[in-house]
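The structure appears below as structure tokens.
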Amino acid sequence: MTDLVPNPTPVSSQNIFEKHFSNTKSLFVDREAISPHFIPEQLPFRETQIHEISESLSATLSGKKASNIFLYGKTGTGKTSVTRHVLTQLLEFAKGKNLPVAGLYINCRNHSRKYRVLSKIVEDLYPEERFFGFSSGFVYDKLVDWVSKNKAQLVVVLDEIDKTKDLDELVYSLTRANDEVTGGGITLIGISNNLFFRERLDPRTKSSLVEKEMVFPPYNAEELRAILNDRVKRAFAPDSVEDSAVNLAAAFAANESGDARTAVMLLFRAGELAEQKGLEKVTDDEVKRAKKKVEEEIITSMVSTLPKHQQILLFSLAELSLNKKPQAKLTGQPSAENVLFSGEIYDEYCSMAKKLKEPPVSSRWYREYISELEMFGLVSTTASGQGFRGNSRIVKLGFEPRKIRDQLEKELLG
DNA sequence: CCTCCACAGGAAGCGCAGGAGT
DNA sequence: ACTCCTGCGCTTCCTGTGGAGG
């Protein structure tokens, strides 16, 4: 083997791969099983949903159109996993019995318009043909043709359906297609994690899309623990994760969102951290550190994807809270707290923007920015209340000013 | 109590980019 | 290729709100 590298020049006493190689006894036996995309064949605590959906869809097996279903629930509650699971089972079964049932899954985040969704459907139905630049009507006819010709029951899953711009027209097209096909039918399954989305639907869209509906509740700590334990068994080597670590990860996730995805993610990261340190077991400590790390990553990615002027605003905010000046606007008691007024932040933002040769936005829009940053959890605001004049807001950074400033410095100046 | 201050946040409207229809 | 339409980001204008101060 060494002959392949005839004369390795020793650069340092230790090869850079040494530290990666020394951990040959990995804590993981199957990383895939703990990745966010993994869909286990058993979906615990979702038996009722699986049962209901499959019962409803079973109509397609006897050549009838099934009721359109609308699923909603927060992220990581298993909507997508359950639906995909049921759909693959349905298609497998139908294939085995040679029944004309077809199904496809579309994420509306990637196909945000009616035309895109229809093209995607048709492209999946005619895999050999391409449909670039054909009219909406042509694509629609192709869809109707395919269903009629095959006398097929087509199940279309529209995930993140709230991302569709012209949903009313899309639903109308697809339901109208049902009237036009001669034999066969189209069943819709809509998935949304926006709980209020259903209320905002056009009444006609609502009545055709929501023939049946189902709520996916968040998982509680106990359920999350069971889910995590199952994943741990698949993904980690035996006895390499402490029970308390699993409990902690479950508790964190349950406390925040009841989101299985973040719980799984947390444990995966904890595993990586433990491995890096050459530990034999994943403990509470790693879970805590993983949580901190994940949070920091979220902040970093959030901050860097912010529109430029919100970045400038955050930067000004960080600067101001770092060099807290004597509270000029205070009329009352001295405050040790690092309080920042809406007005002074806007002033700082304006001068900062000018320094960066950017025309500052209006104060009205600045207020809108602050609200948006608050929604992201990057800042928090309180009413000024007693001791301060006027009806104003006091703004605080949600995270360490120094970190935010350092990152934005790179982002804006570097 | 009234007035002023320093904002909050609603309403209307404007210019623009990009998609749909022709 | 060309208009037309529409959603989006934003400005302008405005009314509302709560405390300070006379």
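Residue numbers begin at 1 in each chain, while the letters A, B, ... track the order of the sequences. Only a predicted model underlies this, so the values are computations on that prediction, with no experimental measurement involved.
- A:Arg393 has its CZ atom 16 Å from the P atom of C:dT17, to the nearest Å.
- Distance, A:Glu368 CD to B:dG10 P: 8 Å, rounded to whole Å.
- A salt bridge links A:Arg234 to A:Glu41: at least one charged side-chain nitrogen sits closer than 4.0 Å to a carboxylate oxygen.
- Between the side chain of A:Thr187 and the backbone N or O of A:Ala66 there is at least one donor-acceptor pair closer than 3.5 Å.
- A straight line from CG of A:Leu118 to P of B:dA20 spans 11 Å, rounded to a whole angstrom.
- Of all heavy-atom pairs spanning A:Pro218 and A:Thr77, the tightest one is CA-CG2, 3.6 Å.
- One interatomic measurement links the two molecules: CH2 of A:Trp365 to C1' of B:dC14, which rounds to 13 Å at whole-angstrom precision.
- With respect to A:Leu158, the side chain to side chain contact (heavy atoms under 4.5 Å, CB included) criterion is satisfied by exactly one of A:Ile121, A:Val117, A:Leu209, A:Ile189: A:Val117.
- Of the residues in residues 369-377 of chain A, A:Tyr369 come within less than 4.0 Å of DNA chain C through at least one heavy atom, sorted by number.
- Residue A:Arg364 places no side-chain N or O under 4.0 Å from the OP1 or OP2 atom of C:dT11.
- From A:Glu275, atom CD reaches atom CG of A:Leu27 across 5.0 Å, with rounding to the nearest 0.5 Å.
- Note: CD1 (A:Ile394) to P (B:dA8) measures 11 Å, nearest angstrom.
- Heavy atoms of A:Ser342 sit under 4.0 angstrom from primed sugar atoms or phosphate atoms, though from no base atom.
- Close to B:dG10, at under 4.0 Å from its OP1 or OP2, lies no side-chain N or O of A:Arg367.
- If you take CG of A:Leu340 and C1' of B:dC7, they are 16 Å apart, rounded to a whole angstrom.
- Using a cut-off of 4.0 Å between Lys/Arg side-chain N and Asp/Glu carboxylate O, A:Lys97 and A:Glu92 are scored as not salt-bridged.
- Listed by chain and residue number, nothing satisfies the side chain to side chain donor-acceptor pair (under 3.5 Å) test with A:Lys151 (two or more places apart in sequence, or in another chain).
- Here the nucleotide nearest the side chain of A:Asn391, chosen from C:dG18, C:dT11, B:dG9, is C:dG18.
- Note: CZ (A:Arg116) to C1' (B:dG18) measures 11 Å, nearest angstrom.
- Remark: C1' of B:dG9 and OH of A:Tyr346 are 15 Å apart, rounded to the nearest angstrom.
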